[in-house]
Amino acid sequence: MSPLQHAVVAALGKGGALAGADPHHAERQEQIEMASAVAAAIDARAPLVVEAGTGVGKTYAYLVPALLSGARTLLSTATKTLQDQLFLRDLPRLRDALGVPVTIALLKGRSSYLCSHRLGLARHDAQLPDRFAVRALARIEAWAQTTASGDLAELEGLDERSSVIPLVTSSRENCLGSDCPQFKGCHVNKARREAMAADLVVVNHHLFFADLALRDSGVAELLPSVELAVFDEAHQLAEAGVQFLGTVLGSAQLIDFARDMLGAGLQQARGLLPWPELASACDKSARELRLAAVGRLGEVRAGLKLRWAERSDEAAFTEALHGVGIACEAAREALDTVSELAPDFVRLAERASRLASLAGQFGRPAEDGKIRWLDLSTHQARLVESPLDIREAMQEEMEGSSKAWIFTSATLGDDEDLSWFTEAAGLDKAPTLRVGSPFDYANHARVFVPRVFAKPGDPGHAPAVADLAGRCARALGGRTFVLTTTLRSLQAVGARLRDTFAGEDGAIEVLVQGQGSKRQLMQRFLDAPQAVLVGSQSFWEGIDVPGEALQCVVIDKLPFPPPNDPLVEARVRRLEADGRNAFNDYFVAEAAISLKQGAGRLIRSETDRGLLIVCDPRMATMGYGRRLFAALPAMARLERESEAMAWLAELAAAPVSVLR
């Protein structure tokens, strides 16, 4: 072992620095194995892909060698929540325990930081949509007087979907840079300066890829100077990259531009140009673009992806794009005439030019190797052109690099090569390591897949899922999650469960995604005496409920990718062109990963016990079911519902102290 490996093993082992700082720290061989491999990769300045099962303690397994190595480090996560946890809790604890003089910094995207200049503009904007926005703006104004970081995460209770946030934060398009009157005190620039001076910087995947595409986050200047890059929650890396390496023209972009232009024009050049008419033309072009995209579909109630070829009326669509170009070009010409009055007008003119250029781009055929689609929602349409994966971007970034690259997650594949992740990320030749969970799944967990059950797609499937989940919740007194693969199933299962428990004394509370924020629903689930939570995609991962509060997870059906998704179709075509079996190599692999993520909600500590139910008989009857079972932790299989209910009865009867 190298000196770094020896130091890492000593720190994580019995009597080591971590045990000395935390009496609850326990030596875990799986954690030491991973940490030693990370240390070796740091020594060799080489890549490493690690899948670490639940309970391994992978965060410390990469942080300890990173801190002890003295290597300048970039740490990227999938979510702002984990970013904050690492920066505010894990890193300070480890730094103190290990006694290393490491400076750390947190760097988020522009939309996370208050822009004092735009706050001033918003203060005089009479277009706030409702009283909630007025109250939110007032809270932000009061907080702005005291904040040092400008990070909106400091504001407790501020809804991240608030319509006020785009008004008080900057974007690449509207930032005035050094021309801004508030440039000296800019929170974004302060965060970037701190990042450039720090030994370890915590970012997120979106920021990383936004910078690769736009060179706008500060990561571009930072990355060449680091010796170690770590990507936690790496299973989300490819999708984040596809999203940010693509090109987007959205009706919301146009509406935001029209609003900003009108606000700046009326405040700084009133009467010099017909601002309402110019803004109205851009606003109208945005709405006509959305109407042309939606076409014969009429109203779109939920997110919907359409193939580019599914544009219902190509002539109308082309005309709408032409209208966007005309409106934005007229705005640019007008803004150029007042550009000397304020830097806002210079940046607005650049935005107008960019939007007109995008309209022209989407009026021409897509670039080779790119896929296009329409992303429709209730209020907007987005035109998207993106690569199929992040292979080229990652290989280009890593080529000739002399740094270590660590990629880790609890779910990266269902084979030893972790090919689900490595292929999409261009890491086919990288060393891989799979470290199993230390939890005793064989004794503490059971999995039940009913062989006789309504088939997915049948009208009776969602009611059957709800009825089975209801029986489980009744046996446990709540303590149940139902994870659905679609929003339609979410609503159907939630409604039937509510009907099931309505009017009962001491009724089990049914919580359904959409009733509040994810955080609010989780808190209500934990606080309720008896509760069932029904959630869709965002609840399949990132949820941590250890102990007896959650003992049953019901999955409605196998989470295969939607076959009519344009991106999925394009990936299937590429696999088939290479002579591969798209069902085995893509659909089953994707389902295995998602199933592992959903099942991962069940057992979160050494003493947890629980039941996983997959309400899809295909898993028990089809040949590929063996591969899906193998992807799960080694839970004992139950064959009949009576056995599942007997296991739940045993869990319900166990003393709470045992479960904790």
Side-chain angles (χ1 to χ4, degrees), residues 53-55 410 437-450 465-484 493-494 497 500-501 504 506-513 518 521-536 539-556 595-616 619 629 632-660:
T54 306
S437 170
F439 296 162
D440 186 1
Y441 281 93
N443 287 314
H444 288 183
R446 306 286 186 270
V447 57
F448 171 52
V449 180
V465 172
D467 291 345
L468 178 53
R471 292 193 291 275
C472 294
R474 202 182 297 279
L476 280 172
R479 310 184 194 181
T480 301
F481 269 11
V482 183
L483 301 178
T484 69
V493 171
L497 278 170
T500 298
F501 295 116
E504 295 185 5
I508 292 173
E509 184 176 1
V510 178
L511 304 169
V512 181
Q513 180 182 334
K518 185 176 178 181
L521 283 179
M522 283 306 307
Q523 194 57 54
R524 287 176 61 185
F525 178 81
L526 293 170
D527 291 343
Q530 301 184 95
V532 178
L533 192 151
V534 186
S536 190
F539 283 84
W540 282 67
E541 57 181 288
I543 300 293
D544 189 11
V545 187
E548 72 281 358
L550 175 61
Q551 294 188 297
C552 182
V553 172
V554 179
I555 293 175
D556 70 335
L595 199 61
K596 286 173 72 173
Q597 289 168 353
R601 300 316 99 216
L602 185 64
I603 303 297
R604 305 301 299 177
S605 74
E606 290 87 347
T607 55
D608 279 11
R609 299 199 291 170
L611 171 67
L612 172 68
I613 300 178
V614 183
C615 301
D616 192 330
M619 188 167 171
F629 273 114
L632 296 173
M635 305 177 185
R637 285 180 61 176
L638 305 178
E639 297 296 331
R640 291 179 292 276
E641 184 178 329
S642 59
E643 295 173 336
M645 292 302 159
W647 174 245
L648 292 181
E650 181 180 333
L651 297 182
V656 170
S657 59
V658 171
L659 298 177
R660 287 181 177 170

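Heavy-atom basis, side chains included; hydrogens, waters and symmetry copies ignored.
- Distance check: E548 CD to T607 OG1 gives 9.0 Å after rounding to the nearest 0.5 Å.
- The side-chain heavy atoms of V482 and L497, taken from C-beta on, include a pair separated by under 4.5 Å.
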> Would L611 and L638 satisfy side chain to side chain contact (heavy atoms under 4.5 Å, CB included), going step by step from the backbone distance to the final call?
Replying inline: CA-CA 10 Å; L611 171 67; L638 305 178; 4.0 Å; yes
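- To the nearest 0.5 Å, atoms CZ (F439) and CG (L602) are separated by 11.0 Å.
- Although no hydrogens or angles enter the test, the distance criterion places a donor-acceptor pair under 3.5 Å between the side chain of S437 and the main chain of T54.
- The two residues G610 and I603 come nearest to each other via the heavy atoms N-CD1, 3.9 Å.
- Across all non-hydrogen atoms, the minimal contact from M522 to F539 is SD-CE2, 4.2 Å.
- Under the 6.0 Å distance and 45° angle rule, R601 does not count as a cation-pi partner of F481.
- The line from CG of D556 to CG of L468 is 11.5 Å long, rounded to the nearest 0.5 Å.
- In this structure, the separation between CG on L476 and CZ on R471 is 13.5 Å, given to the nearest 0.5 Å.
- One distance of note links CD of E509 with CZ of F501; it measures 12.0 Å at 0.5 Å rounding.
- Considering every non-hydrogen atom in both Q597 and E541, the closest pair reads OE1-OE2, 3.4 Å.
- Among all heavy-atom pairs drawn from L632 and A599, the shortest one is CD2-CB, 3.7 Å.
- A salt bridge is absent between E643 and R446: the closest approach of a Lys/Arg side-chain nitrogen to an acidic carboxylate oxygen does not fall below 4.0 angstrom.
- Between C472 and M645 the shortest side-chain heavy-atom distance falls below 4.5 Å.
- In plain terms, the two heavy atoms of Q513 and L521 that are nearest each other are CA-CD1, 3.6 Å.
- The line from CG of L526 to CG of L550 is 9.0 Å long, rounded to the nearest 0.5 Å.
- One N or O on the side chain of W540 and one on the backbone of T484 form a donor-acceptor pair closer than 3.5 Å.
- Residue C552 comes nearest to I613 through the heavy atom pair SG-CD1, 4.4 Å, listed as atom of the first residue, atom of the second, then distance.
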